[in-house]
Structures are given as structure tokens and as C-alpha cells.
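Please read the structure below before turning to the comments.
Quick note on labels: first sequence line is chain A, next is B, and so on, each numbered from 1.
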Amino acid sequence: MMHSVRRAAALLLAACTAAASVGCQRTLPPDQEAHSGNAQQLRTYLMSSSTAAGGAGAAAQPQGTGWATLRGTFTYQGDAPARQPISITKEPEICAPGGGAVLDQVLLVDEQSGGIQNVVVFLRRASRVHDSAQPSTEQVEFDQKNCLFTTHVQTMTVGQPLLLLNSDPTGHNASIDQYSFNQLIPANESLVYAPPSEAPFPISVTCSIHPWMLAYLFPRDNGYVAVTGPDGKFEIANVPAGEELEFQVWHENATGPGNGLVLDTPEAKELGWTSRGRFNLTLEENAQADLELTVPGSAFQRN
Amino acid sequence: MTQPFKSTRNARFLVILLAGLAALSGCGRSEPARYHLNMVEMTDKGISAQYQVEIATILEAMFGTPDEPFVLPETGLDINKLRLASGPAWSDEEGTNHGLYRRHCAHCHGVTGDGAGPTALFLNPYPRDYRQGKFKFKSTERAAQPTAHDLREILRQGIPGTAMPSFRLHPSREIDALVEYVKYLSMRGQMETALANFVMFQLGEGESLSQYANVYVDELLSPIAEGWAGAEDQVIHPDPQLAPPPRNERDPEALAASIAKGRELFYGTKANCLECHGPTALGDGMTTDQDDWSKAVKQFAANHDQVTPVELGALPPRDVRPRNLRLGVFRGGRRPIDIYRRLHAGINGTPMPAVGPATPGATGTVTPDQIWNLVDYVLSLPYDATTQEPALLSNVRERL
């Protein structure tokens, strides 16, 4: 009698133990923990230097003289991937006039040449900036027509006013989440907006009334940035010559971190192409470099 | 003869009993609470484990731990308030409550302030994730941080129509400590993003983050802290000349005229409110969009097929519902000034766009007068019978 009560109690306890230990489990994903010793040291450093200006930082790169020009072509390897029709769920008379299919702009490849459009190439850091690449104050026009942004990737320099136009007979709201900007633009009206700071990568512009609308805006501190045209060609003029330059390559559909375009081809390896989609180049004064870059379909999410 | 046998049994029973007790008590006092990295962000930005350790270490140096918070003077935060809000929940002999955040907030908003505490999944809307420094209901311009007053009011009033309760009965000392702690968790989260961005966009191949200790404060933390310190200058103050008098002092005819104008705007193509709030303002116009938090999770899922955001600690994304304006429940407050600010700046982090000027001094989508007309119409909607509406909706029918 006594024993069976004990056994029952023991079983109950065992069950409780099991239940309790299951209940303890948190479903948080594993993540890295701080190195507390290093944190303490760093805190001491930050406390001592937080009023003092400057610090060590990266060593200054040797500077060259003169200027050079970088050109290039991005060519898709294989057959151009098919563009998908967008599902137009609203106002078809405005957004899909004539009733034809509206195709997306995710990955645009020229059927003849295989040129890839809307690849962005930019200089990551400029030790000096030529007059032709200095920030401008000229107004940039960015239009919406038939419920699409007429420019898919818009580059500009910080300080340029951006004229957001709506050429449709219906309202749009231009939403740039990165800058917490989201403004209603009534039919056939416009407004001016000045992006407050440089973006490290192109940032998306959307419209919540027409959820398929998507374009990219890329404000930079200087003009050393280019977007490939329908033929896949780009040109960045007057970059600093005689010193190592690091360029970043981006495409909205690329598989790299932040949509960096990662290339593994022999010509990319020669340029030291990285897993973040960057490459290095030193150009001689007045050089006119021309890069021929073949891009396999595997570099894109859609292939 | 039976004695040794029995004692073995007793011993076995004791062992099980002890194990059971140990397991039960183990639940209560596990490891000290710690902050977790935003693994969706780390994975999305391709931040390797080695950089993650560096980021976690820098954050600990700059912000301490959940039990021992720390702040640099640049943050402008008051460490004494943070100490009252942080740590495990307990009360001292004088009845002062400590560990306020974990007592009142962490079960929904999470120890890290990621809005993903144990109860978060069961709530709709989800609790706010503080780490982006984005807040919806505030008196300031869209891109600006909330003021301390804004956060205090959210704590005092709660958010009607959500699980966020009112803490009005708590002494102001406790509310102030919690407001400070929310700002602290926000800044910490923003700093985490700034560091992840620095690794992703600024670091060269193979470079260590620790080489750049000189930029953590000046280049990364200071702009974040300035955003919070400058919030007071970003408060939206409507022109007092244009503001209507208090409701009980208003001429009924003038009010009716203003409501009629607001209604025209609401259904017209200029303010375009019906696109999302629907032709009857029941909030059923646009039901397939997301707020910024869910959008980020959805985007991650679209870009990564190796791992799901939920496996990395994110809450499943949800569509955002435009407010049903006929309920008379306004999350950000129901005073005319609250509605005015919602319209002027929109709601940050959501698809609700702004109709006031995008930058001070610029021309808005509609004029301040028209915003007041819309305020009057919106505040009249809860008293307006939908059953009588169709006859009046000529301009809606034209559009549909």
C-alpha cells in the first residue's frame, strides 16, 4: 500500500519534471553572445574618448593624381528570363490601358545583346571628387504614369530637390520607408522632397494604393554612380586615377547580401570580386577602362 | 533483512524527489536575462558569426545588460531611471518597485524590446518592436522620434482598441522610468542596426569592426541620440488662427458646413481617404498591405529560402487593417489635435500617408483648413448611420 502510493508519487514527480523541463524551453533562435571581458575594456575606452575628438580609424589610403573613366557592360549568360505579368488589381482603365498584360521590371535583359538593365555601379569611397561629380542642386524629376514609376532606378546627389510627379488621373502615395517618408500625391499633382542623407544602397519607393508599384531611389554624396541602360552599359566619368578604387555593384534581384551582385567568373576574379559584390581597380591617369562582365543566371534570384 | 532493500527504495525515491524539485526551481531562476541580436537582420545583411560577436560586445559595452544597464553621456539618458526600470522585478522594504520593465512590459514587448515577448503572438496588433525607433502615435513630424511626453501619454492612456493597457494608477516616477527605458531599448536597437549597416556597407573585406572603435560614438550613436533629443523641435503645432474653437463653443451651422467639406475631401480624389478606409469608412478599402515591421519579415521570406524569419525569432507577418472610423476608437487619441496630427504627418511605419506639408514651409497635399474639415468629418463618423449613407454617396458612386 505504502509502496504503491510512493510509486505513484514518484511517477507524478517524474511527469512534472518532464513537463517542467519542456515548459522551460524558449524557442528563441541561437545567437551570438557578447564577450563580456572585451565589452568592459571597450567601455573604458569609449568613456575616456567620448569627449576627445578623433581616434585611430583606418589608415589613409595613398592618393593619386588626375582622373580616369570607367565603362562596362553587364551581359546575361543564356536566354533572357521571362518577365512576369503584374496582377493589376485596381483601376485597370488607368493602370493597364488597352487591357494588355503589364510586365514586371524585376530583371530586364535585352533579347538582342543580352545587356542587363538597372545594374547599379558606384564608388564606395572617394578620396577626392572631380568638378563634374560634385553634388548638384538641379531638380530631379521622378514621375508616375499608368501606375508605374517611369524611372525604375533613380540616382541623384543629396541636396538635389526631387520632384515627385503624378501624371495619372488617380492618386498615388509615394512611400520611402527608409526615410519614413510617405506622402499622398493627388491626381496630376506633384510635390518636392529632399532626401535627408546619403543611402548606402538603393532604397525602395512604393505606393500602398497600387501595391505592385516599385522603384528605387539612390541619393549619394557625389556623382560617382551609374545605372546600366537597356544595353547593359554604364559609364562613370572622372574618377580619381592612380589609387585603388573600390566599386560596389547592385541589382534589385541579385542574390548577394542587400542584393549585391556577386560574380564568380574569371574576369570578376581578376578584379577581386567579393562575396558582397564589390571589386577593386586602379586606373591610370586619363585611362578609359572598359569592363566586359558576363553574369550567369545563378547571380539572380530569378533565373 | 528487509531494511537495506527499503533504504534503497527510499534513496531512489529521494533522488527522484530532488531531481523533481531541482527541475521545478530551475524554471524560475535560469540564466540571467540577456539581450538577443536581431537574427532576421543579421541573416539578411549577411553578418557572419564573428561580426555578430563583435556587435553583441559593442552593444554590451555601450548599453550594458538587462540586469545592469549602462549608458554613455551622449545618449542623454538618465541611468537612475533606467536602474529602476531594469533588472528582475522586486520590491524593497519601503515598497519601492524595482524591475518595472520586466514586471509590466517584457511579457509583450520582450526583454530586448523586440515586441516579441511570450504573449506577443496572441495579440493583434502585435506589441511595438522598439528597435527601429519608429513609433506610430506621437505629436511629431512623421520621420521624427516621439517626445518623452508622447511616450508618457501612451503609458498613461494605453492604446484604445489594442492590448496596450493604461498605467495611469502608477506613480509618475515609475512611468518616467519606463519611458526612459523604452527610449533606451530603442536607441540600443537603432545602434544594433547602425552597427550591422556599418559591417555591411562600410567595412572592407576581412576588416574587423574593432578597428573602428572611434566611430561608434561620433558617427553611429550621436545621430541616433540627436534624433531623440531633437524630438521637441519636431512637434506639429497647427496655426492657432486656423484651429476651430472647442466643440462645445462651436456654431452648429459652421460645424455642419465643415463636416460637409471634410466629407467631400474624404471621398474625393485629393485626400483619397476611401482608397484604404473604404467607401463606408469601415476600414475595408485596402486590406492586403503591411506595416513596415511585417513588410520587412515578408521581404526576408521572399529573399531567403534556407531559413524562415519565424525560425529566426520574428513574428509571422500580418496585413495591416486601415482603421474602421465608425467605431469611435482612435488609437492615437480622439482629441481633434490628435486626429489633426495623424492626418498632417500620416502614421509612421504604416501605409497611412501624410497630407500636410512634407517639410516645414512646403505646401501640403491639402491645406490646414482642409485638414480641420477632415478632422470634423472623422469625428462625426461614429455618430453617422451607415444605413442612411448610400443616398448621400453620389461622389463615391461616380468613382466606383
Original post:
Using a cut-off of under 4.5 Å for heavy-atom pairs, which of B:G285, B:A56, B:P353 has the most such pairs with chain A?
Top reply: B:P353
Subject >> Pairs of heavy atoms under 4.5 Å with chain A: top-ranked of B:K295, B:E54, B:M200 >> reply: B:M200
Original post:
Should the heavy atoms of other residues, nucleotides or ligands under 6.0 Å from CD of A:Q178 be counted, would the total exceed 12?
Top reply: no
**OP:** Measure B:M286 against the heavy atoms of chain A and call it side chain, backbone, both or neither at under 4.5 Å.
**Re:** side chain
Original post:
If only atom types and distance count, is the side chain of B:T75 paired as donor or acceptor with the main-chain N or O of B:V71 below 3.5 Å?
Top reply: no
Original post:
What part of B:K45 lies closer than 4.5 angstrom to a heavy atom of chain A: side chain, backbone, both or neither?
Top reply: backbone
**OP:** Measure B:D289 against the heavy atoms of chain A and call it side chain, backbone, both or neither at under 4.5 Å.
**Re:** side chain
Subject >> CD (B:E205) with more than 12 external heavy atoms under 6.0 Å >> reply: yes
Original post:
What residue in B:V366, B:I347, B:D292, B:V355 has the most heavy-atom pairs under 4.5 Å with chain A?
Top reply: B:D292
Subject >> Working for ring-ring contact (aromatic ring centres under 6.0 Å, His included), residues B:Y216 and B:F198 >> reply: CA-CA 10 Å; B:Y216 305 160; B:F198 193 83; 7.8 Å; no
Subject >> Per-residue contact mode, B:V215 against chain A (heavy atom under 4.5 angstrom) >> reply: neither
Subject >> Side-chain donor-acceptor contact under 3.5 Å, A:R278 with A:Q248 >> reply: yes
Original post:
Measuring heavy-atom distances to chain B, does A:S36 have an atom under 4.5 Å in its side chain, in its backbone, in both, or in neither?
Top reply: both
Original post:
So what's closer than 4.5 Å to chain A heavy atoms on B:M352: side chain, backbone, both or neither?
Top reply: backbone
Original post:
Side chain, backbone, both or neither: which part of B:N197 has a heavy atom under 4.5 Å from chain A?
Top reply: neither
**OP:** Check step by step if disulfide (SG to SG under 2.5 Å) holds for A:C147 and A:C207.
**Re:** CA-CA 9 Å; A:C147 310; A:C207 166; over 6 Å; no
Subject >> Residue B:Q290 versus chain A: region with a heavy atom under 4.5 Å >> reply: neither
Subject >> Part of B:I58 within contact of chain A (heavy atom distance under 4.5 Å) >> reply: both
Subject >> Region of A:T255 in contact with chain B, defined by heavy-atom distances below 4.5 Å >> reply: neither
Subject >> Part of A:E33 lying under 4.5 Å from any heavy atom of chain B >> reply: both
Original post:
For B:T65, is it the side chain, the backbone, both, or neither that has a heavy atom closer than 4.5 Å to a heavy atom of chain A?
Top reply: neither
Subject >> Heavy-atom donor-acceptor pair, A:R276 side chain to B:F201 backbone, under 3.5 Å >> reply: no
Original post:
Any side-chain donor paired with an acceptor under 3.5 Å for A:S208 and A:N173?
Top reply: yes
Original post:
Between A:F122 and A:W250, does a ring-ring contact (aromatic ring centres under 6.0 Å, His included) hold up when you go through it step by step?
Top reply: CA-CA 9 Å; A:F122 60 97; A:W250 178 94; 8.9 Å; no
Subject >> Options B:R142, B:H304, B:M42, B:K270, ranked by heavy-atom pairs under 4.5 Å with chain A, top entry >> reply: B:R142
Original post:
Which atoms of A:Q183 come close to chain B, meaning under 4.5 Å heavy atom to heavy atom: side chain ones, backbone ones, both, or neither?
Top reply: both
**OP:** Using a cut-off of 6.0 Å, state whether more than 12 heavy atoms not belonging to B:K298 lie near its atom NZ.
**Re:** no
Original post:
Between B:A345 and chain A, which part of the residue has a heavy atom less than 4.5 Å away: side chain, backbone, both or neither?
Top reply: neither
Subject >> Distance-only side-chain donor-acceptor flag, B:T288 / B:D319, under 3.5 Å >> reply: no
Original post:
Quick one: of A:K90, A:E246, A:Q40, who has the most non-hydrogen atom pairs under 4.5 Å with chain B?
Top reply: A:K90
**OP:** Would you check if there is a donor-acceptor pair between the side chains of A:T282 and A:E243 at a distance under 3.5 Å?
**Re:** no
Subject >> Contact winner vs chain A - B:Q132, B:M62, B:Q202, B:R34, heavy-atom pairs under 4.5 Å >> reply: B:R34
